[in-house]
Enquirer: 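One structure coming up, written as structure tokens, with questions to follow.
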Amino acid sequence: IKRIKIKELLKAEPTGQEVIVMGWVRTFRNNQFIALNDGSTNNNIQVVVALGMLDDDTLKRITTGASLKVTGNIVPSLGKGQKMDLTATSIEILGDCDAAEYPMQQKKHSLEFLREKAHMRFRTNTFGSVFRIRHSLAFAIHKFFNDKGFVYMHTPVITSSDAEGAGEMFRVTTLPMDNPPRNEDGAINFKEDFFGKSTNLTVSGQLEGELAATAFGDIYTFGPTFRAENSNTTRHLAEFWMIEPEMAFYDIEDNMNLAEEFIKYLIAYAMEHNREDLEFLAQRLAEEEKQLPADKRSELGLIEKLEFVLNNGFERITYTEAINILLDSPAYKKKKFQYEVSWGIDLQSEHERYLVEKHFKKPVIVTGYPAAIKAFYMRMNDDGKTVAAMDILAPGIGEIVGGSQREERLDKLMQRMKDMHIPTEEMEWYLDTRRFGTVPHAGFGLGFERMVLFVTGMTNIRDVIPFARTPKNCEF
Ligand code: ATP
Ligand code: MG
Ligand code: MG
Ligand code: MG
């Protein structure tokens with residue numbers, strides 16, 4: 001007899017065929033109907049236990065959370081709301097689950113409660129849907145780039161370059177913490193450390209990615225990224241995943257086009273392959289919104305929102321235009337912004353969300369940021385003040401992509417590094433890309449969890465990564 005996953009089973013025609021299903025009990029009614037779930041879908045198969053088939057002792061052990069192996073026949077259901085029943089011919093209890101102790105009883109749990117019980121939350125419908133969608137998007141990322149002929153390049157997790165880190169890096173060391181070797185001036189001597197120098201967890205694979213792109217043409221990385229973000233927000237994690245494509249012979253325009261196409265591809269992929277889970281999350285969101293006052297509810301449901309994004313071009317504006325819109329806004333005039341607005345500021349999330357949610361009501365790509373607030377490798381524009389940067393801002397989130405055309409001119413790049421006090425001696429490997437056959441090139445970083453937030457409609461980044469790392473929180 002064939003073992004089958006419930007998702008597949010529910011697609012079959014119930015003509016009495018015999019199958020084996022393994023899963024966990026969600027509910028058990030009247031000593032007769034087991035709702036069994038195996039994680040392949042939020043839908044359960046209803047297992048029908050014939051009267052007298054199991055002794056009283058066994059019946060008592062079929063509790064919420066217990067794991068079962070069920071053999072039976074699938075037949076059209078007599079009950080309403082489901083297509084088929086699994087009439088059990090044998091039920092084996094694989095693992096008991098003490099109802100008194102089990103924290104995941106069927107009643108609805110708040111997301112806050114589930115964050116406290118993070119090791120168990122996989123067993124809920126909400127997280128079932130979120131993590132199946134996350135999986136699907138991860139798969140779609142590879143498919144998108146593979147189909148375009150990009151090479152997946154694994155950039156290192158441990159790095160010794162700190163050009164970009166700016167105080168957000170996690171140090172990697174094997175030196176004894178209680179008594180590290182020291183130089184005469186008292187500073188820790190990293191020459192004696194494992195790598196003979198100080199090393200960190202990567203904050204971005206971009207610089208290494210550029211090395212590969214200037215040989216392969218088009219590459220992408222997709223891996224974990226680490227930032228010691230010391231603020232607790234709903235959009236920052238200390239460990240997150242980032243997709244970073246890097247393309248030779250691309251300018252900023254090509255870069256924007258690719259990023260927009262990529263985001264739309266991921267949304268379309270989820271709509272096609274995760275419809276059921278998206279509908280479940282849309283429903284959940286709609287119920288949550290009913291609790292809100294009318295003016296706080298969104299105009300579109302989750303699916304309509306995704307459809308809208310698919311069918312409309314992203315708005316494209318310059319940083320200067322963005323600042324002018326903000327200065328002209330009722331929000332600014334009524335002093336609703338917490339942070340100041342003037343040419344030169346880094347856009348704060350409240351500004352980004354105003355542009356997207358209130359002003360344009362669609363995703364926005366902002367280009368031409370002031371050089372002073374952007375990284376050294378971004379290409380200087382002709383005005384000498386702004387760089388060929390582009391950020392993509394999404395409703396409900398703010399920045400989801402940061403990218404740029406890179407400075408391919410060696411002299412300009414070195415001047416910029418000098419101005420920003422970045423020692424060029426340690427970056428000779430990077431500068432070689434400009435010394436030998438330099439090319440215009442560009443790339444971007446899409447925060448994977450922010451993309452998952454966007455697609456699932458979840459609002460806290462801790463709820464879209466299986467194991468969230470945030471300040472003072474690294475439970476297991
Ligand atoms: P933010 O302004 O939100 O702090 P950033 O400008 O510091 O982001 P970048 O260095 O541009 O981030 O990184 C590229 C992308 O990686 C961002 O657009 C975002 O989607 C994602 N990202 C950055 N930091 C985090 C984080 N701490 N947690 C999750 N995603 C992040
Ligand atoms: Mg940041
Ligand atoms: Mg930013
Ligand atoms: Mg950024």
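Counting convention: from 1, in listed order, for ligands and their atoms alike.
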Enquirer: Which residue owns the protein heavy atom closest to atom 19 (C) of ligand 1, what's the atom, and how far is it?
Expert: Arg450 NH1, 3.5 Å
Enquirer: Are any of the N/O atoms on Phe240, whether in the backbone or the side chain, positioned under 3.5 angstrom from an N/O atom of ligand 1?
Expert: no
Enquirer: Measure His236 to ligand 1 on non-hydrogen atoms and call it side chain, backbone, both or neither using the 4.0 Å cut-off.
Expert: both
Enquirer: Does the distance from a Lys or Arg side-chain N to an Asp or Glu carboxylate O, for Arg416 and Asp419, drop under 4.0 Å?
Expert: no
Enquirer: Which residue and atom name correspond to the protein heavy atom nearest atom 9 (P) of ligand 1, and how close is it?
Expert: Arg227 NH1, 3.6 Å
Enquirer: Are Phe467 and Phe476 close enough that their ring centres sit under 6.0 Å apart?
Expert: yes
Enquirer: For atom 21 (C) of ligand 1, which protein heavy atom lies nearest, and how many Å away is it?
Expert: Gly447 CA, 3.6 Å
Enquirer: Could you check Arg462, Arg235, Arg134 and say which one makes a salt bridge (Lys or Arg N to Asp or Glu O under 4.0 Å) with Glu449?
Expert: Arg134
Enquirer: Looking only at non-hydrogen atoms, find the nearest pair between Glu229 and Pro471 and report the distance.
Expert: O-CG, 3.6 Å
Enquirer: Looking only at side chains, do Glu289 and Ser298 share a donor and an acceptor under 3.5 Å apart?
Expert: yes
Enquirer: Under 4.0 Å, heavy atoms only, figure out whether ligand 1 is touched by the backbone of Glu449, its side chain, both or neither.
Expert: neither
Enquirer: Do the side chains of Lys11 and Glu8 get close enough for a salt bridge, i.e. N-O under 4.0 angstrom?
Expert: yes
Enquirer: Can you name the atoms of ligand 1, numbered from 1 with element, that are less than 4.0 Å from a heavy atom of Arg235?
Expert: 3 (O), 28 (N), 29 (C)
Enquirer: Any N/O/S atom, backbone or side chain, of Asp391 lying under 2.8 Å from the Mg ion (ligand 4)?
Expert: no
Enquirer: Give the atom numbers and elements of ligand 1 that come within less than 4.0 Å of a heavy atom of Glu229.
Expert: 24 (N), 26 (C), 27 (N)
Enquirer: Which atoms of ligand 1 sit under 4.0 Å from any heavy atom of Gly445?
Expert: 14 (C), 15 (C)
Enquirer: Report yes or no: does a heavy atom of Ile461 sit under 4.0 Å from some atom of ligand 1?
Expert: yes
Enquirer: I need the minimum non-hydrogen distance between Ser160 and Thr199, along with the two atoms involved.
Expert: CB-CG2, 4.2 Å
Enquirer: Looking at Glu399, pick out the N, O or S atom nearest to the Mg ion (ligand 4) and give its name.
Expert: OE2
Enquirer: Would Leu237 count as a polar contact of ligand 1, with the cut-off being nitrogen or oxygen pairs under 3.5 Å?
Expert: yes
Enquirer: To the nearest 0.1 Å, how far is atom 20 (O) of ligand 1 from its closest protein heavy atom, and which atom is that?
Expert: Ile400 O, 2.8 Å
Enquirer: In the protein, which heavy atom is nearest to atom 2 (O) of ligand 1, and how far is it?
Expert: Glu399 OE1, 3.2 Å
Enquirer: Please say whether more than 12 non-hydrogen atoms of neighbouring residues, nucleotides or ligands are located less than 6.0 Å from NZ in Lys264.
Expert: yes
Enquirer: Side chain or backbone, does Met242 bring an N or O within less than 3.5 Å of an N or O on ligand 1?
Expert: no
Enquirer: Inspect the contact between Lys7 and Asp38 and indicate whether a charged nitrogen and a carboxylate oxygen are less than 4.0 angstrom apart.
Expert: no
Enquirer: Less than 4.0 angstrom from a charged side-chain N to a carboxylate O is my criterion; do Glu315 and Lys361 meet it?
Expert: no
